Amino acid sequence: MGALKHVLVGKPIPSHQAHHERYTRSSGLAILSSDALSSVAYATEEILRTLLIAGTASLWLVTPIGCVIAGLMLVIAFSYRQTIRAYPGGGGAYRVARENIGTTAGLIAAAALLLDYVLTVAVSIAAGVAAITSAFPAWHVNTVELSLGFLVLIAIGNMRGIRESARIFSVPTYFFLGSMGVLLVVGMFKVLTGQIAPIESASAVFVPSETASLTIFLVLRAFANGCTALTGIEAISDGVPAFKPPEAKNAATTLLIMAGCAVVMFMGVTLLADAFHVVPRQDETVISQLNRAILGGRGPLYYMVQAATTMILVLAANTAFSDFPRLASIIARDKFLPRQLANQGDRLAFSNGILILSFLSGVLLVAFGGDTHALIPLYMLGVFVSFTLSQAGMVVKWRRERKRGWRVGAYVSGLGATLTLIVLFVVAITKFREGAWIIIVLIPILVAHFTSIHRHYDKVAEQLSLKGLAVSEKKHNTVIVPIGGVHRAVVQALEYARTLSDDVRAIYVDVDPHATQEIRDTWQHWGKGIRLEILASPFRSVMEPLLEYIELTNDERPGDFITVLLPEFVPARWWHHLLHNQRALLIKGALLFRRNIVVTSVPYHLHE
């Protein structure tokens, strides 16, 4: 197993090399921005699919809705730039909300972010697979299998550590930026020169399950769907410590570059979709339709852009794989999640968090059949909860500290908090029946779970505290050695027992009178003066008489120790264990929760 782990994950990295395992601006942009950059591949389509409910005549609204979303994206980016400089230790919305608004607000932000990261993985991979099936429709039947395969590959890549994952995933991100640049430039050139040709139908036009007139509610619903373009903006603020020094400066610069690229690509796709009169189709994405129309059908350039889109969509999940484990480690250090999540693995990656994220995302992909449009309604609510709490927390911080330029900072954060709060209500209302209610229910459940974990750790710390502990006198130790016969393993255990106490007792449960007599006879030679207790068992149970004897012995000397030594022979091959009973394991389990009782195994190793 160790050899297989080294092949998949790589050899362990020593702790003193941790500073080498950090992001540069270029690698940080590739890893932490892939979620925000990739959303341009489906955000415009979500707007169009909603507007189509009112008919194709309403699709022109995609451009003004896109402009509002782009402006909101810039406001949030500048607000999070302030967060990065104020909290270079990372934690993003969780840290800001907890320190400035309160612990409950921080935990709500943490729950929302963790849920959003799980959904990011599921949505991104599902969208990437949708890009594949648009280019190769015959593969549509294998959507779930393809999704799970990509999930496993990304998980393994992240288990290999920061530097290794940056090497693996940086090239596809920049390949996507280059491909989208080609698509947008050529598309804009055709628009300006009047070379717009009608898009040929390659599949059935998307037919909405409901028909409605164009209302304010429908426009708000389209706007809410398009706000998927905003997801991922907070990722860099959560992962500031992963950057090379100066961490805050590098992270803030990377955030601005990401925001600029995301706005340009999102608006470019939106404007082109409007100019080319793209109508959502059942088995082909909007990007694929634009690709065919702009680059001249399904030629080499078409497949290049589709390949780049697929890779960035799948790798958008990598943003969550970078931030979910890191955020979970920060929460775990604050004692709101199990401490195992705070530990780094052999490759200096938070391996436990990666495994948990992989499992939860896999469950979602299977449960929703790898359908992007079914997952989208669950996707946005959590991220806007964290947006609102983070920026509201920064307003409180600016007003409290009143440092130089605090009014401008408070204004930017306040504007961002107000806008994201409005979007949060819009998303919650318009998406409630489509599945957003699940997130609304899960967030308070997670917060209650965090609180119960913290309460448990506080109680453990209180009970383990040395405060008020009186130094006790030396205690008596009774050593009990359960035996099933007299052999070398038992003799070795008895020799060890003599080093622990003068009060050593061997216990044998009588289930066969003939075997019991043999034990008595053999004991005279090998017992070496140690007391042998024979316990009667009329119903042939070994455990009950033994546990009862230990309990009675414990009552004789309350407060003193009892050590139960278990002679165990260790087979030469692991599968040999299947040929022997596991009574020692049962005894350990039964005595684990008894006070003042210590259970120790004395192994005797067998040869091949």
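Computed from heavy atoms alone, side chains included, the values below leave out hydrogens, waters and symmetry copies. Every value quoted in this text rests on a predicted model; they were computed, and no experiment measured them.
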More than 12 heavy atoms of other residues, nucleotides or ligands under 6.0 Å from [atom1] of [X]: yes or no?
X	atom1	answer
W406	CH2	yes
Y303	OH	yes
R400	CZ	yes

Taking the side chain as every heavy atom from C-beta outward, state whether [X] and [Y] have any atom pair closer than 4.5 Å.
X	Y	result
V240	Y87	no
L424	V385	yes
F243	K249	no
V269	E45	no
L114	L337	yes
L37	M180	no
I439	L119	yes
V408	W398	no

Side-chain H-bond candidate by donor/acceptor type, [X] with [Y], under 3.5 Å:
X	Y	value
E234	S386	no
S288	Y302	yes
T24	S27	yes

Compare every heavy atom of [Y] with every heavy atom of [X], then report the nearest pair and how far apart it is.
X	Y	result
T420	T388	OG1-OG1, 3.2 Å
M267	C67	CE-SG, 3.5 Å
L365	V144	O-CG2, 4.3 Å
A36	A262	O-CB, 4.3 Å
K190	I294	NZ-O, 2.6 Å
T254	N250	OG1-O, 2.7 Å

Verify, without hydrogens or angle tests, whether [X] (side chain) and [Y] (backbone) share a donor-acceptor contact under 3.5 angstrom.
X	Y	result
N100	V96	yes
S329	R326	yes
T418	G414	yes

Inter-residue atom distance [X].[atom1] - [Y].[atom2], 0.5 Å rounding:
X	Y	atom1	atom2	value
L151	F321	CG	CZ	5.0 Å
M311	F150	CE	CZ	10.0 Å
L52	R281	CG	CZ	10.5 Å
T193	M188	OG1	CE	12.0 Å
I331	F450	CD1	CZ	5.0 Å
Y94	I108	OH	CD1	13.0 Å

**OP:** Would you sort out whether I47 and I69 count as a side chain to side chain contact (heavy atoms under 4.5 Å, CB included), showing the intermediate values?
**Re:** CA-CA 11 Å; I47 300 174; I69 293 172; 3.9 Å; yes

Subject >> Sequence-distant partners of T270, side chain to side chain donor-acceptor pair (under 3.5 Å), two or more places apart >> reply: T44

**OP:** Identify the residue among Q82, K397, R399 that makes a side-chain hydrogen bond (donor to acceptor under 3.5 Å, both in side chains) with S413.
**Re:** Q82

**OP:** Step by step, work out the side chain to side chain contact (heavy atoms under 4.5 Å, CB included) result for R25 and I257.
**Re:** CA-CA 9 Å; R25 292 179 184 178; I257 296 172; 5.6 Å; no

Which residues pass the ring-ring contact (aromatic ring centres under 6.0 Å, His included) test with [X], not counting sequence neighbours?
X	result
Y80	F387
F336	H454
F176	none

**OP:** Evaluate the side chain to side chain contact (heavy atoms under 4.5 Å, CB included) criterion for residues V118 and L357: first the C-alpha distance (whole Å), next the side-chain angles of each, then the deciding distance (0.1 Å), finally the verdict.
**Re:** CA-CA 6 Å; V118 174; L357 176 60; 3.8 Å; yes

Original post:
Any salt bridge (charged side-chain N to carboxylate O under 4.0 Å, His left out) pairs touching residues 97-110, not counting sequence neighbours?
Top reply: R98-D334

Original post:
Could you go step by step and tell me if L59 and H277 meet the side chain to side chain contact (heavy atoms under 4.5 Å, CB included) rule?
Top reply: CA-CA 8 Å; L59 296 184; H277 306 291; over 6 Å; no

Original post:
With F78, which of L256, L255, L415 fulfils side-chain contact (heavy atoms from CB on, under 4.5 Å)?
Top reply: L256

Let me have the donor-acceptor pairs involving side chains of residues 225-233, under 3.5 Å, with sequence neighbours excluded, atom names and distances please.
| from | atom 1 | to | atom 2 | distance (Å) |
| --- | --- | --- | --- | --- |
| N225 | OD1 | K431 | NZ | 2.1 |
| N225 | ND2 | T50 | OG1 | 2.4 |
| T228 | OG1 | N225 | O | 3.1 |
| T231 | OG1 | T228 | O | 2.7 |
| T231 | OG1 | Y379 | OH | 3.2 |

